[in-house]
Amino acid sequence: MKYIYFDCYAGFDVKMALGSLIDMTKDTESAIKIAKAITPDVHLYTEETKRQSMEATEAFFEFGTPEERNASEVIQSLCFDDDIKTKLKLWLKLKSDGKKNRQYNEVEELIYCAACLNIIKHLDVKDVFVSSIYQGSAAITTEKNITVIPSPHTELLCKIAGLHTAPISIEKEILTPGGIMLLYVLGAKHMPPKAHNVIMSGYGAGDENLSVPNITRCILAQEGEDEISLNFESMFSEMNTEFASFAKN
């Protein structure tokens, strides 16, 4: 049986996930199809970019004139796969931290999530797995308050999703609620470093220029007794501790 493995070098969000899936599958059709089902005035663009010395695909939607719409109503009116609609409802319900965000921004993030779900649907995989996820760690003090990274809401969502996280000295929230909940609705389970019987793989770029490559790798692999192909492409100078420990074995 086939499975997907998200390998999170530095954080995780829905945009990085989409970039990695498109880089792996070249399936822009599934992504734009569901995006246009939500809002017709949208275009999908992809480009090859670098984060540190590692190449990845940046995927982003360009929207027309912002339209304030209720995300829950958008999902309800979606004439699409019922399973995807159910996952989107759960994603939206759990990711919200109670802040009054502008509605169209929430709908935009919803579209990234929906595009990821539609691509994965067409891959017909049995399971989704995820590595430990590196997230920012800091306490930023200003005259008015102290901002803690990761936020309590992010920490709570990680517990709900059962994610294994590890701190990294980056003063940014690089693991987002939307990314956490995407993994949750996919039923992603933690998998420690191992060799994969790789079918194909891809890299998705985040928006940040960090001290480590702001990318996510997605692997489509086949379960079997002869899982010996590792598809190991990280630069040793940029390898996180999880990979380093595996490379020594």
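All values below come from the heavy atoms of this structure, side chains included, with hydrogens, waters and symmetry mates left out.
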Does some side-chain heavy atom of [Y] sit less than 4.5 Å from a side-chain heavy atom of [X]?
{"X": "Ser132", "Y": "Thr165", "value": "no"}
{"X": "Leu220", "Y": "Lys2", "value": "yes"}
{"X": "Val125", "Y": "Ile120", "value": "yes"}
{"X": "Val42", "Y": "Glu62", "value": "no"}
{"X": "Lys15", "Y": "Phe60", "value": "yes"}
{"X": "Cys218", "Y": "Tyr5", "value": "no"}
{"X": "Phe80", "Y": "Asn118", "value": "yes"}
{"X": "Phe63", "Y": "Ile111", "value": "yes"}

Determine the minimum heavy-atom distance between [X] and [Y], stating which atoms define it.
{"X": "Pro213", "Y": "Gln52", "value": "N-CG, 3.7 Å"}
{"X": "Ile146", "Y": "Ala139", "value": "CG2-CB, 4.4 Å"}
{"X": "Ala71", "Y": "Leu110", "value": "O-CD2, 4.2 Å"}
{"X": "Ser30", "Y": "His122", "value": "OG-ND1, 3.4 Å"}
{"X": "Ala56", "Y": "Gly204", "value": "CB-C, 3.9 Å"}
{"X": "Leu175", "Y": "Gln135", "value": "CD2-OE1, 3.7 Å"}

Looking at [Y], is its backbone amide N or carbonyl O close enough to the side chain of [X] to form a donor-acceptor pair, meaning the two atoms are under 3.5 Å apart?
{"X": "Asn214", "Y": "Ala10", "result": "yes"}
{"X": "Ser77", "Y": "Glu73", "result": "yes"}
{"X": "Trp91", "Y": "Cys113", "result": "no"}
{"X": "Arg69", "Y": "Val74", "result": "no"}
{"X": "Lys36", "Y": "Pro40", "result": "yes"}

Got a second to check how far [X]'s [atom1] is from [Y]'s [atom2], nearest 0.5 Å?
{"X": "Ile168", "Y": "Ile170", "atom1": "CD1", "atom2": "CD1", "result": "4.0 Å"}
{"X": "Tyr45", "Y": "Ile32", "atom1": "OH", "atom2": "CD1", "result": "9.0 Å"}
{"X": "Ile84", "Y": "Leu88", "atom1": "CD1", "atom2": "CG", "result": "7.0 Å"}
{"X": "Asp81", "Y": "Leu117", "atom1": "CG", "atom2": "CG", "result": "9.5 Å"}
{"X": "Lys126", "Y": "Asp124", "atom1": "NZ", "atom2": "CG", "result": "12.0 Å"}
{"X": "Ile219", "Y": "Ser201", "atom1": "CD1", "atom2": "OG", "result": "6.0 Å"}

Inset, instruction - Verify the ring-centre separation between Tyr3 and Phe129: is it less than 6.0 angstrom? - result: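 For Phe129 and Tyr3, the ring centres are under 6.0 Å apart.
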
Of all residues at least two apart in sequence or in a different chain, which pass the side chain to side chain contact (heavy atoms under 4.5 Å, CB included) check with [X]?
{"X": "Ala115", "result": "Leu18, Ala31, Ile34, Phe61"}
{"X": "Ala161", "result": "Leu163, Ile180, Met181, Tyr184"}
{"X": "Thr216", "result": "Phe6, Phe12, Met16, Ser20"}
{"X": "Thr25", "result": "Asp27, Ile119, Leu123, Met200"}

Inset, instruction - Could you list all the salt bridge (Lys or Arg N to Asp or Glu O under 4.0 Å) pairs where at least one residue sits in residues 163-177, not counting sequence neighbours? - result: Lys172-Glu208

Inset, instruction - Start with the C-alpha distance between Val130 and Met191, add both sets of side-chain angles, then the distance that settles side chain to side chain contact (heavy atoms under 4.5 Å, CB included), and finish with yes or no. - result: CA-CA 6 Å; Val130 62; Met191 178 188 286; over 6 Å; no

In terms of heavy-atom contacts, does [atom1] of [X] have more than 12 from other residues, nucleotides or ligands at under 6.0 Å?
{"X": "Glu48", "atom1": "CD", "value": "yes"}
{"X": "Lys159", "atom1": "NZ", "value": "no"}
{"X": "Lys33", "atom1": "NZ", "value": "no"}

Inset, instruction - Applying side chain to side chain contact (heavy atoms under 4.5 Å, CB included), run through Met54 and Tyr9 and close with a yes or a no. - result: CA-CA 11 Å; Met54 299 189 70; Tyr9 287 79; 4.0 Å; yes

Less than 4.0 angstrom from a charged side-chain N to a carboxylate O is my criterion; do [X] and [Y] meet it?
{"X": "Glu109", "Y": "Lys95", "value": "yes"}
{"X": "Asp127", "Y": "Lys189", "value": "yes"}
{"X": "Asp83", "Y": "Lys87", "value": "yes"}

Legend entry - side chain to side chain contact (heavy atoms under 4.5 Å, CB included) between Glu58 and Lys50, worked out: CA-CA 9 Å; Glu58 184 176 10; Lys50 280 192 174 184; over 6 Å; no

Inset, instruction - Treating Ile, Leu, Val, Met, Phe, Trp and Tyr as nodes and any side-chain heavy-atom pair under 4.5 angstrom as an edge, say whether Leu182 and Ile160 lie in one connected cluster. - result: yes

Inset, instruction - Find out if a path of hydrophobic residues (ILVMFWY) with successive side-chain heavy-atom gaps under 4.5 Å connects Leu90 to Val14. - result: yes

Legend entry - Residue pairs, two or more places apart or on separate chains, that pass ring-ring contact (aromatic ring centres under 6.0 Å, His included) and touch residues 19-40: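 Pairs touching residues 19-40 that pass the test: none.
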
Inset, instruction - Show the numbers, then the answer: is there a side chain to side chain contact (heavy atoms under 4.5 Å, CB included) between His164 and Ile133? - result: CA-CA 6 Å; His164 287 231; Ile133 305 177; over 6 Å; no

Legend entry - Polar side chain donor-acceptor pair, Lys89 to Gln76, under 3.5 angstrom: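 A pair is found: one side chain offers a donor N or O, the other an acceptor, under 3.5 Å apart.
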
Inset, instruction - Applying side-chain hydrogen bond (donor to acceptor under 3.5 Å, both in side chains) between Thr57 and each of Thr46, Thr49, Asp23, report the one that passes. - result: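 It is Asp23, the one option of Thr46, Thr49, Asp23 that forms the side-chain hydrogen bond (donor to acceptor under 3.5 Å, both in side chains) with Thr57.
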
